[in-house]
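Read the structure below first, then the notes.
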Amino acid sequence: MKQLSKIALLTLTIFSCLILPNQASAKIYIDIDSPSFQQFPIAICDLNNISSGSAQTTNIGVALADEIKKYLSMTGIFNILNKKSFLEKMEPGNPDIIEKVYFPDWSLIGADYLVRGNILQKGKQIIVDSRLFDVTRSELIMSKKYSSASDDQKDLAKTIASDILLALTGDEGEFNTKIAFISKNNDSSDIYTIDYDGSNQTKITNHQSLIMSPRWSPDNKYVAFTSFKEGAPKVFIKNLQTGAEKRVSDYEGLNLCGSFSPDGKYLLLTLSKEGIEDIYSLNVETLRLNRLTQSYSIDVSPAWSPNGMQIAFVSNRSGSPQIYVMDADGNNVRRITYEGNYNTSPSWSPRGNRIAYEGRVYGRYQIFSIDTEGNNLIQLTFDNADNESPSWSPSGRQIVYTSKTASRSRICIMNANGLNIRYLNENVNRAVMPVWSSRFKK
Amino acid sequence: MMKNKITMMGILFVALFSLVLFSGCAEKKAIVAEGTAQEQPSAAQDAATLSAAAAQEALKDINFDYDKSNIGTEARVIMKANADILLKNRNFNIIVEGHCDERGTSEYNMALGERRAQESKKYLINLGVDGARMKTISYGEERPLDSRSNEEAWAKNRRAHFLIVQ
């Protein structure tokens, strides 16, 4: 909510958007999915302050460039070059310099891409005219002008970083996403949300009870979860706009929240009302149930595929918990994990091709990913902690998870290849079960 | 006079004690006959019409192996005693709580705890306890008895607890 009003306040107008004609069809410069992927070196110059009067002496161009670097580094795909290594001399205050690039000076320091821009401050208004160059081809990739009515540099930097990412990868990244998680405090826990950049941590429930398994609706308007507020574990859906909470499942025994269907109409659940833990699909309007699994084993943690056709889940039908995939109607069940004897918490990549999960290896829980046919297994975490509850970012490039040690558990974000780990919030001691939202619409 | 009284009480105590011991032996034989290997005196003979507090005291937790929900040999003996208490005291209902140790996934453990509670409930039904008197609840790994992170604590925490409700 806070975020929305902030965005409303900051009316970001784009004056012109000039993408060179031969690149109009969203050419993807960086194939970050190639197996040889490594971080791409990018040089980001301090923005050239072309303001007049007192605004000319401020370091607003430096501050904004630093913010843009901060956001780009969060994506995990850029190696941001240190500006002390820059060779090309630029005449400050001259608006023409952003177009006049001497590319050899940039290729010499190893930059593949270069960002330059002018910044003009007029009272509260900030106007940025930015350029993105491909250094190796000596080409202009993007030219874009921004006008911000407030002096909120953070949102301006986020928008510019998002456009750079879009131009280079064909995808706007995760800048406008949030992560929901459980903050545990002895016997009382609640659900919080936090922005991708680690700011704006907000408590969204006040149950002070055992609470778990938060799940975003695809439109980010609702969060479903399991709470023991009324004594037994029951499933609730909270409307994040009105704050209203609706109890949607309170059958006898276990009512454990699964995941929303991609169209938001159904919520998968684990119920034990028939005496065994099976997976059900709940129509969130009519509350009509449809039982999907009938096995005598434990079936739990269902996760929908992005196209809605299949469901991944955990079952111990083979004697130990393993990841299975079935069609959305419950048919055609097949096991996809065979390594190890404890594989749980499946999360389906938004790209559809991989499933992340946690597996037990040498007495520790680590994050793995595997393709949906059960091939190409990759271990992503290796450290001396229990790494659990993976959830993919909307672009499918990053994974959020919990890293637990004896003293604390923290929310971490890493690239889908396991590199570039970043702690999301340092001020919560027991943060667990992170789940990534979809992108919030601006 | 005082001395005499104490001696008398002593004799009475010894007599009572041997009676308990004897009936304990009888119980043990019965269990062996049923094919269970463990020996532990059943509380059955004391089970008649207990107060809720006394019954709660008498109902014992059972423990489970890691990632398992079957009622083991040791647990079966305890379950027999628990069933006897429930059969002789029909004035209260129980909630069967399933718990797990801290290792593993919270969600899977929530299901595993429910399965432990369900298996325990089913076992009591097979021993004649009316299923309508029992509800199940899982706390997964969220309510450990012993918060330490070692084998001893984990073994204690993997349990079914039988909570009396009136």
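Just so we're on the same page: letters track the sequence lines, and every chain starts at 1.
Ion pairing between a basic and an acidic side chain is recognised when a charged N comes within 4.0 Å of a carboxylate O; Arg215(A) and Glu107(B) show such pairing. For the pair Lys135(B) and Glu252(A), the salt-bridge criterion is not met [side-chain N within less than 4.0 Å of a carboxylate O].
The choice from Ile298(A), Ile276(A), Val300(A) that makes the most heavy-atom pairs within less than 4.5 Å of chain B is Ile298(A). Among Arg103(B), Glu102(B), Lys121(B), the residue with the largest count of heavy-atom pairs under 4.5 Å with chain A is Arg103(B). Across Thr136(B), Asp67(B), Thr105(B), Ile137(B), the residue that shares the most heavy-atom pairs under 4.5 angstrom with chain A is Thr105(B). Ranked by non-hydrogen atom pairs under 4.5 Å with chain B, the options Ser301(A), Ser320(A), Ala406(A), Pro321(A) are led by Pro321(A).
Proximity to chain B is absent for every atom of Tyr357(A), based on heavy atoms less than 4.5 angstrom apart. Neither the backbone nor the side chain of Ser315(A) has a heavy atom closer than 4.5 Å to any heavy atom of chain B. For a residue to count as touching a neighbouring chain, one of its non-hydrogen atoms must lie under 4.5 Å from one of that chain's; by this rule Glu119(B) touches chain A with the side chain only.
Under a 3.5 Å cut-off, the side chain of Glu277(A) and the backbone N or O of Arg115(B) do form a donor-acceptor pair. Tyr365(A) places a side-chain N or O within donor-acceptor distance of the main-chain N or O of Gly104(B), the cut-off being under 3.5 Å.
Counting heavy-atom neighbours within 6.0 Å of Gln379(A) CD, excluding the residue itself, gives a total above 12.
Note that Arg360(A) lies outside the cation-pi zone of Tyr108(B), set by a 6.0 Å cut-off to the ring centre and a 45° limit from the axis.
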